[in-house]
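Values below: every heavy atom of this structure, side chains too, minus hydrogens, waters and symmetry copies. Please read these numbers as outputs of a predicted model, since none were measured by experiment.
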Amino acid sequence: MVKKRKPQPIAPPPQSSALRSRKRARQVTTLFHKYTQELDLAIDRARDGGCSEEQLSSIDSAGNESKRINGSISSEHKVLLAYVKKWKDKISEIGGREGKTTIMFLMTCLIFTHLSYAISPYVASLRKEYQRASQLNTSLFSTSKWVLGVLGRWGWLDGLSTDDPSDSEQHQQQQHKSAQKKKTRRDVRLLEIGAINTQLLDAAARKRVERVTATDDAKLDDDEKDNTTNQVERVHRLQVKAIDLRSTNQRIEQKDFFELPLSEQPYDVLVNSMVINCVTTPEQRGRMLTLCYNQLRPGGVCFLTLPKLCLIQSKFMTRSYFEQILTKGVGFELDSTKDSPKLAFFVLKRPESKPVQVWNEKFARTTTINKGKKFRNTFAVTLDQTEVAR
């Protein structure tokens, strides 16, 4: 008996809306960072070589130039534009069929909006496949669990004191009843930058039911002992604001961190997880770190994560030098660090008092530190002394 063949669809099935392969997720995130950085450099070279914005924007989704422009440019400009074409085509391949259908409009926008974390929301839609990969990676390791674990050990999940009591006053407060203690505490103000999921928002909204006795008299009659009510209260005293350039959830505000004004009530906590490595220029990375410092109140903390490869395989960076930038350059205090096989974790504190200025001119420029074939990464950070808060 002849085995029937499974019928083949006329058109390929639609692309899945979510990545399920961790290997594919890593490939997407790695290639996205590499290709966007190379495209950024190619555009800069073309501009420095004399190519006009009209010539750059004339490259369509396949990287082809319009015949009108192509016939009126020099051979040198053709070489520069061909290099821009190469990286545009590679980026279009990341998103597959969907990326190729939208690349023309997105790349035209890209020419006029220097590729960085601060790109326009239209160009940011090119990150859709990248965000799918990031969502898969964060589902396998939860940054929010790390953040909540540290805050829990500090006692911050129960809120912060509205004043600064002395040790003797703190001892007296411990003798008070829990209801009285809560009245003297406020929510922890937390800002999550580049939010991929709503885990911290969910933690802030989580509630529980607690049985509360209606009276606090020392002795109660039997009837009064049953006089209890169920009171709904929040589990954590957190006030979370999550932002991203391209929001994937209506609870995540679509905002650019670089354009976020300084709040009259600075944040107690900032979460900057796997965002600084998405910024494509050293100057913008340094500016992001400076803004994180400025957005915090004195005594506030920043949770920072980035790939370990940025610190161990970069031509321009080492872990010790990165820590110098964070502390002596920006002004943070290094509270604690830890590593996973792929990521580096930093808990940074803004000092209560004004930090001691230890500025070094090397912070303002990119210098080759490591030489050799294994140092393929180009991650670097530079600071502007006029922007660094002192």
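Scanning both residues, Cys292 and Asn272, for their nearest heavy atoms gives SG-ND2, 3.6 Å. The two residues Glu192 and Leu200 have their closest heavy-atom pair at OE1-CD1, 3.7 Å. Of all the heavy atoms in Pro266 and Arg189, the pair that sits closest is O-NE, 3.2 Å. Closest approach of Ile276 to Met288, counting heavy atoms only: CA-SD, 4.0 Å. Residues Val275 and Gly194 come closest through the heavy atom pair CG2-CA, 4.0 Å. Between Leu309 and Asn377 the shortest heavy-atom distance is O-ND2, 3.8 Å.
By the rule that hydrophobic residues join a cluster once side-chain heavy atoms approach within less than 4.5 Å of another member, Leu160 and Trp154 end up as members of one cluster. Clustering ILVMFWY residues whenever any of their side-chain heavy atoms sit less than 4.5 angstrom apart, transitively, puts Val84 in a cluster other than the one holding Leu80.
Glu361 is linked by a side-chain hydrogen bond (donor to acceptor under 3.5 Å, both in side chains) to Trp359, counting only residues two or more places apart in sequence or in another chain. Residues forming a side-chain contact (heavy atoms from CB on, under 4.5 Å) with Glu323 (at least two apart in sequence, or on another chain): Arg319, Leu334, Thr337, Phe346. Taking the salt bridge (Lys or Arg N to Asp or Glu O under 4.0 Å) definition, one finds that Arg297 meets it with Asp268, sequence neighbours left out. With sequence neighbours left out, the side-chain contact (heavy atoms from CB on, under 4.5 Å) criterion links Glu76 to Ser74. In terms of the side-chain contact (heavy atoms from CB on, under 4.5 Å) criterion, residue partners of Thr318 (sequence neighbours excluded) are, by chain and number, Ser320, Tyr321, Ile369, Asn370. Shown here are the side-chain contact (heavy atoms from CB on, under 4.5 Å) partners of Thr368, two or more places apart in sequence or in another chain: Phe316, Lys371. With sequence neighbours excluded, the residues that form a side-chain hydrogen bond (donor to acceptor under 3.5 Å, both in side chains) with Asp202 are Thr198, Arg251. Under the side-chain hydrogen bond (donor to acceptor under 3.5 Å, both in side chains) criterion, Ser75 pairs with no residue at all, not counting sequence neighbours. Residues satisfying the side-chain hydrogen bond (donor to acceptor under 3.5 Å, both in side chains) test with Thr386, not counting sequence neighbours, are Asp384.
Side chains of Gln313 and Lys308: a donor-acceptor N/O pair is absent below 3.5 angstrom, by distance only.
Distance check, rounded to the nearest 0.5 Å: CZ of Arg47 to SG of Cys51 gives 10.5 Å. Note that CZ of Phe258 is 9.0 Å distant from CD1 of Ile193, once rounded to the nearest 0.5 Å. Here Glu253 contributes atom CD and Leu245 contributes atom CG; the two are 13.0 Å apart, rounded to the nearest 0.5 Å. For the atom pair Trp156 CH2 and Arg185 CZ, the distance stands at 11.0 Å (nearest 0.5 Å). To the nearest 0.5 angstrom, Ile243 atom CD1 is 10.5 Å from Glu259 atom CD. Considering OG1 of Thr184 and CZ of Arg186, their distance stands at 12.0 Å, rounded to 0.5 Å.
Residues Phe332 and Lys349 are not in side-chain contact: their nearest non-hydrogen atoms beyond the backbone lie 4.5 Å or more apart. Looking at Phe375 and Ser314, their side chains never come closer than 4.5 Å, going by heavy atoms from C-beta outward. Asp335 is not listed as a side-chain neighbour of Val301, based on a closest heavy-atom distance of 4.5 Å or more. Ser273 places none of its side-chain heavy atoms less than 4.5 Å from the side chain of Phe303. Taking 4.5 Å as the limit, every side-chain heavy atom of Leu191 sits out of range of all side-chain heavy atoms of Val240. At least one side-chain heavy atom of Ile325 sits less than 4.5 Å from a side-chain heavy atom of Met317. With contacts defined as side-chain heavy-atom distances shorter than 4.5 Å, the pair Phe345/Leu304 does not qualify. Side-chain atoms of Gln385 and Phe363, non-hydrogen and from C-beta on, never get closer than 4.5 Å to each other.
Ion pairing between a basic and an acidic side chain is recognised when a charged N comes within 4.0 Å of a carboxylate O; Glu233 and Lys207 show no such pairing. Salt bridge Asp187/Arg234: present, at least one basic N to carboxylate O contact under 4.0 Å.
Without hydrogens or angle criteria, His77 side chain to Gly49 main chain gives a donor-acceptor distance under 3.5 Å. Remark: side-chain polar atoms of Ser247 are paired, donor with acceptor, to backbone N or O of Ile252 under 3.5 angstrom. For Arg350 (side chain) and Leu296 (main-chain N/O), a donor-acceptor pair under 3.5 Å exists by modelled atom type.
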| request: Please assess Leu151 against His236 for the test side-chain contact (heavy atoms from CB on, under 4.5 Å), listing each intermediate value before the final yes or no. | output: CA-CA 10 Å; Leu151 295 180; His236 305 309; over 6 Å; no
- Task: Could you check Gln199 against Ser144 for side chain to side chain donor-acceptor pair (under 3.5 Å), going step by step and ending with a plain yes or no?
- Result: CA-CA 6 Å; Gln199 291 174 356; Ser144 63; 2.6 Å; yes
Residues Thr281, Thr382; criterion side-chain contact (heavy atoms from CB on, under 4.5 Å); working and verdict:
CA-CA 9 Å; Thr281 65; Thr382 59; over 6 Å; no
Going through the checks in order, is the side-chain contact (heavy atoms from CB on, under 4.5 Å) test met by Lys255 and Lys241? CA-CA 11 Å; Lys255 290 186 177 180; Lys241 179 176 182 178; 3.5 Å; yes
Checking Leu270 against Leu348 for the side-chain contact (heavy atoms from CB on, under 4.5 Å) test, could you report, in this order, the C-alpha distance in whole Å, the side-chain angles of both residues, the deciding distance, and whether it holds? CA-CA 10 Å; Leu270 256 67; Leu348 309 170; over 6 Å; no
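Here Leu262 is tied to no hydrophobic group at all, with no ILVMFWY side chain closer than 4.5 Å. Other residues sharing a hydrophobic cluster with Val79 under the 4.5 Å side-chain heavy-atom criterion for ILVMFWY residues do not exist; the residue is a singleton.
Listed by first and then second residue, the salt bridge (charged side-chain N to carboxylate O under 4.0 Å, His left out) pairs involving residues 142-153 amount to none (not counting sequence neighbours).
Heavy-atom neighbours of Lys315 NZ from other residues, nucleotides or ligands within 6.0 Å: at or below the threshold of 12.
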